[in-house]
Amino acid sequence: NNSIDLEKYCIAYAERLEAKGRFQICIWPEHCLIGTHGHAMVDVIQQACAEWTETTGRSVEWCWKGQHILTEMYSALEADVPTTVDTRLNRSLLASWQRSDRVWVCGQAMSHCVNYTVRDLVEHWPAGSVDQVGILTDCASAVPGFEAAAETFLQDMKAKGVVLKK
């Protein structure tokens, strides 16, 4: 009947999330909901994507995340606690990115979603080619109160060879 003991699930989930060492569980207000301003791209980035499409004749590859209510999805590549096939490592998306000459990452938030998307990307990127991954540092910011996490992330990625560009 697809019913679960939600209380037991939440406790086990929180334990698994914290055991991974990235986060303690955090209850966020609803944000980035489809159809809202929080989900939309800022005009300058949307325009840059349109210009790139026009110049190259290629399409932007859009990636959806956070579609599963019973797991966090900070990373665009995989959930911190995968609960379904769709929340495990997205090998198709990873392979698509690896076929690119360069992958530039921006978005919100530097302290969370950009952070863990890039960490997962670098973890699965071919050795010796991490300089093909870049972060547009002026196109992302930290969640207020998490600025130190964003700074640590940028330092870690720079040390691994990721390109940081304003």
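Keep in mind it's a predicted model, so treat the numbers as computed, not measured.
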| request: Any chance you could lay out the side chain to side chain donor-acceptor pair (under 3.5 Å) test for Gln108 and Ser141, step after step, and finish with the verdict? | output: CA-CA 6 Å; Gln108 293 300 346; Ser141 59; 3.2 Å; yes
| What's the verdict on side chain to side chain donor-acceptor pair (under 3.5 Å) for Trp125 and Gln132, showing C-alpha distance, side-chain angles and the deciding distance? | CA-CA 9 Å; Trp125 202 257; Gln132 293 175 309; 3.2 Å; yes
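A cation-pi geometry, defined here as NZ or CZ lying under 6.0 Å from the six-membered ring centre and within 45° of its normal, holds between Arg119 and Tyr116.
Two residues are said to be in side-chain contact when any heavy atoms from C-beta on lie closer than 4.5 Å; Leu121 and Val103 meet this criterion. No side-chain heavy atom of Asp43 sits under 4.5 Å from any side-chain heavy atom of Gln47. Arg102 is listed as a side-chain neighbour of Val163, based on a closest heavy-atom distance under 4.5 Å. Between Leu6 and Ile4 the shortest side-chain heavy-atom distance falls below 4.5 Å. Side chains of Met110 and Asn115 form no contact here, defined as non-hydrogen atoms less than 4.5 Å apart. A 4.5 Å side-chain heavy-atom check between Asp86 and Gln67 finds every atom pair outside the cut-off. A heavy-atom distance below 4.5 Å is not found between the side chains of Tyr13 and Ile11. Considering only heavy atoms from C-beta on, Val133 stays 4.5 Å or farther from Trp97 through its side chain.
Rounded to the nearest 0.5 angstrom, Cys32 SG and His37 NE2 are separated by 10.0 Å. Atoms CG and NE2, on Asn90 and His124 in that order, are 11.0 Å from each other to the nearest 0.5 Å. Considering CE of Met73 and CG of Asp80, their distance stands at 9.0 Å, rounded to 0.5 Å. Taking CG from Leu70 and OG1 from Thr87, the interatomic distance works out to 10.0 Å, rounded to the nearest 0.5 Å. The distance from the CD atom of Glu72 to the OG1 atom of Thr83 is 11.0 Å, given to the nearest 0.5 Å. One finds the CG atom of Leu94 at 9.5 Å from the CD atom of Glu78 (value rounded to the nearest 0.5 Å).
Annotation: His112 is in aromatic contact with Trp28 [ring centroid separation under 6.0 Å].
Two different hydrophobic clusters hold Phe146 and Leu154 under the rule that ILVMFWY side chains link at heavy-atom gaps under 4.5 Å.
Here the closest heavy-atom approach between residue Asp120 and residue Ser75 is recorded as OD2-OG, 2.7 Å.
No more than 12 heavy-atom neighbours from other residues, nucleotides or ligands sit within 6.0 angstrom of CZ on Arg58.
One N or O on the side chain of Thr117 and one on the backbone of Ala76 form a donor-acceptor pair closer than 3.5 Å.
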